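See below for the structure under consideration.
Fair warning: this is a prediction, and the values are worked out from it, not measured in the lab. All values below come from the heavy atoms of this structure, side chains included, with hydrogens, waters and symmetry mates left out. Nothing fancy with the numbering, it's 1 onward along the sequence.
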Amino acid sequence: QVQLVESGGGLVQPGGSLRLSCAASGFTLDYYAIGWFRQAPGREREGVSIISSSDGSTYYADSVKGRFTISRDNAKNTVYLQMNSLRPEDTAVYYCAAGGFSSWFEDEYDYWGQGTQVTVSE
């Protein structure tokens, strides 16, 4: 069964850090581009970061550039999102997705996880 499972979310104070994991089962992640997306209450889902399948190129939304780092461990079939200097506006449900191309468009992704909640608050 093809599945993506996110973990690592939680409650953190502003300025804190979290590391999200996206673990795949039923398929090999290194053949796919992986995107992290997030959706805050009352807002549309938006792209956060992407890592390509080919050369490991990484891409970031301007709002997280310099604070978030995406990486992949092919041996563990897992992609990570290290989030530092977290802000209240980073509060959202975070989703990972796997697709054939590095894209900010959700329709380009074939598989999605169920999401993990990140809350940044005092």
With a 4.5 Å cut-off on side-chain heavy atoms, are [Y] and [X] touching?
X      : Y     : value
Ile34  : Ile50 : no
Phe68  : Asp90 : yes
Gln114 : Tyr95 : no
Tyr60  : Ile70 : yes

Point-to-point distance, once rounded to the nearest 0.5 Å, from OG1 of Thr69 to CG of Leu81
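CG of Leu81 is found 8.0 Å from OG1 of Thr69.
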
Calculate, to the nearest 0.5 Å, the distance between atoms OH and CG belonging to Tyr111 and Leu29 respectively.
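Answer for the OH-CG pair, Tyr111 versus Leu29, is 11.0 Å.
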
Quiz question: by atom type and distance under 3.5 Å, do the side chains of Ser57 and Asp55 form a donor-acceptor pair?
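The criterion, which ignores hydrogens and geometry beyond distance, is satisfied for Asp55 and Ser57.
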
Distance-only polar pair, side chains of Asn84 and Ser17, donor-acceptor under 3.5 Å:
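Side-chain D/A pair, Asn84 to Ser17: present.
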
Identify which one of Met83, Glu6, Gln39 satisfies the side chain to side chain contact (heavy atoms under 4.5 Å, CB included) criterion when paired with Tyr94.
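The residue from Met83, Glu6, Gln39 that satisfies side chain to side chain contact (heavy atoms under 4.5 Å, CB included) with Tyr94 turns out to be Met83.
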
Would you kindly confirm whether [X] and [Y] end up in one hydrophobic cluster when ILVMFWY residues are joined by side chain heavy atoms under 4.5 Å apart?
X     : Y      : value
Val12 : Val48  : yes
Leu86 : Tyr80  : no
Ile51 : Tyr109 : no
Trp36 : Val93  : no

Do you know the tightest heavy-atom contact between [X] and [Y]?
X     : Y      : answer
Leu20 : Val118 : CD2-CG2, 4.0 Å
Arg38 : Ser63  : NH2-OG, 3.5 Å
Ser49 : Tyr59  : OG-O, 3.0 Å
Ala33 : Ser53  : N-CB, 3.7 Å
Ala24 : Leu4   : CB-CD2, 3.8 Å
Phe37 : Ala97  : CE1-CB, 4.4 Å

Under 6.0 Å between ring centres, would you say that holds for Tyr32 and Phe27?
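They qualify: ring centres under 6.0 Å apart.
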
Looking only at atom types and distance, does a side-chain atom of [X] sit under 3.5 Å from a main-chain N or O of [Y], one as donor and one as acceptor?
X      : Y     : value
Arg19  : Gln82 : no
Thr78  : Ala23 : no
Asn77  : Asn74 : no
Thr28  : Asp30 : no
Asp110 : Gly99 : no
Gln3   : Ser25 : no

State whether the number of non-hydrogen atoms from other residues, nucleotides or ligands found under 6.0 Å of Glu44 atom CD is greater than 12.
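No, not enclosed.
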
